[in-house]
Amino acid sequence: TRFFENRLSLDLTYYDQTTVNQILSVATSTATGYASMLLNSGEIENKGVEIRLTGAVLDNPSGLKWDVTLNWAKNKNMVNALYGKLESYRISAGFGGATTLGIPGEEWGVIWGLPFVRNDAGKIVVGADGIPLTTNVGANLGNVTPDWTGGIRNAFKYKGLYFSFLIDMRKGGDFFSCSAWHAYPT
């Protein structure tokens, strides 16, 4: 939708989509002679909203033009089902003890790994060698999906020259720092 003689525009999108039978490479027993097989499997539900507001801040007759665009998006991906009795699907093998998984009933992008051992006060237990101890049982350490994303873009035009820059933001979502994990032994 455009307002004020096209100086301001607003785009709004809402989506609610369930996708079935994605092509997934699923690990199989090596006794078959193959490491994996391709399957049409799974059900992922995507819900979200995207908003974009664009404004012509300056449109000078001398040729200087300045436009600003703001965008914001929120997306929720839920893994509803996987093939057969699969309990998880490995999205990324990861590094250093953590992997990214799709797990039915969870949001897409679970970070799975070995959590730190903690004492009764909730503090991380450190071994005699100075390295934090981890449990032997894998657990959900977080999710890579951000709560929302957004940004602001400024674009300038003047007599055939064009310059723009973008500042973007990602709020929420977890990450596993391989640098920190690898730094413990050093």
Side-chain angles (χ1 to χ4, degrees), residues 1-25 38-82 88-113 140-183:
T1 306
R2 297 187 178 270
F3 307 96
F4 309 113
E5 297 178 4
N6 292 328
R7 290 184 58 93
L8 186 68
S9 69
L10 175 68
D11 294 315
L12 176 65
T13 302
Y14 170 79
Y15 53 90
D16 184 351
Q17 172 95 28
T18 300
T19 305
V20 295
N21 291 328
Q22 299 90 345
I23 299 174
L24 302 176
S25 177
L38 291 176
L39 297 172
N40 287 49
S41 172
E43 180 179 302
I44 305 286
E45 184 178 348
N46 289 297
K47 292 181 181 180
V49 62
E50 297 176 3
I51 302 169
R52 183 177 71 178
L53 180 66
T54 302
V57 177
L58 183 64
D59 195 354
N60 192 305
S62 68
L64 179 60
K65 184 173 181 173
W66 174 23
D67 292 330
V68 175
T69 302
L70 298 167
N71 64 64
W72 182 87
K74 181 172 180 58
N75 183 50
K76 186 168 180 103
N77 298 336
M78 184 64 68
V79 178
N80 292 339
L82 291 174
S88 65
Y89 174 74
R90 189 174 71 189
I91 300 167
S92 168
F95 300 96
T99 188
T100 310
L101 301 176
I103 301 173
E106 299 282 343
E107 286 190 65
W108 179 257
V110 169
I111 301 172
W112 192 265
N140 183 337
L141 302 178
N143 192 290
V144 298
T145 305
D147 298 332
W148 58 267
T149 60
I152 181 169
R153 178 180 162 265
N154 284 274
F156 301 91
K157 286 184 186 178
Y158 182 70
K159 296 187 178 183
L161 296 174
Y162 180 80
F163 172 75
S164 72
F165 65 92
L166 172 70
I167 299 170
D168 65 334
M169 181 178 177
R170 175 183 161 127
K171 167 75 171 77
D174 300 304
F175 67 94
F176 180 83
S177 174
C178 293
S179 299
W181 189 83
H182 284 290

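Bear in mind that the values here come from a model prediction, so they are computed numbers and not experimental data. Count residues from 1 along the sequence.
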Nearest 0.5 Å please: distance from the [atom1] atom of [X] over to the [atom2] atom of [Y].
| X | Y | atom1 | atom2 | answer |
| --- | --- | --- | --- | --- |
| Asn60 | Lys65 | CG | NZ | 12.0 Å |
| Asp67 | Asp59 | CG | CG | 8.0 Å |
| Asn77 | Gln17 | CG | CD | 11.5 Å |

Whether [X] side chain and [Y] backbone form a donor-acceptor pair below 3.5 Å:
| X | Y | result |
| --- | --- | --- |
| Asp174 | Ile111 | no |
| Thr145 | Trp108 | yes |
| Asn71 | Arg52 | no |
| Lys76 | Gly48 | no |
| Thr13 | Val49 | no |

Ignoring hydrogens, what is the shortest heavy-atom contact between [X] and [Y]? Give both atom names and the distance.
| X | Y | value |
| --- | --- | --- |
| Glu107 | Met78 | N-SD, 3.8 Å |
| Asn140 | Glu106 | ND2-OE1, 3.7 Å |
| Asn80 | Pro104 | O-CB, 4.1 Å |

Check whether any side-chain heavy atom of [X] sits under 4.5 Å from a side-chain heavy atom of [Y], and report yes or no.
| X | Y | result |
| --- | --- | --- |
| Thr149 | Trp72 | no |
| Ile167 | Met169 | no |
| Val79 | Tyr89 | no |
| Tyr15 | Glu50 | yes |
| Leu53 | Ile51 | no |
| Asn46 | Asn75 | yes |
| Thr18 | Glu45 | yes |

Sole residue of Thr19, Asn21, Val20 in side chain to side chain contact (heavy atoms under 4.5 Å, CB included) with Glu43: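 So, applying the side chain to side chain contact (heavy atoms under 4.5 Å, CB included) to Glu43 and each of Thr19, Asn21, Val20, only Val20 qualifies.
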Can you confirm whether more than 12 heavy atoms, excluding those of Ile23, are under 6.0 Å from its CD1 atom?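 Atom CD1 in Ile23 is not crowded, with 12 or fewer foreign heavy atoms closer than 6.0 Å.
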Pairs under 3.5 angstrom only: tabulate donor-acceptor contacts from the side chains of residues 153-162 to other protein residues two or more places apart or in another chain.
| residue | atom | partner | partner atom | Å |
| --- | --- | --- | --- | --- |
| Arg153 | NH2 | Tyr162 | OH | 2.4 |
| Asn154 | OD1 | Trp66 | NE1 | 2.8 |

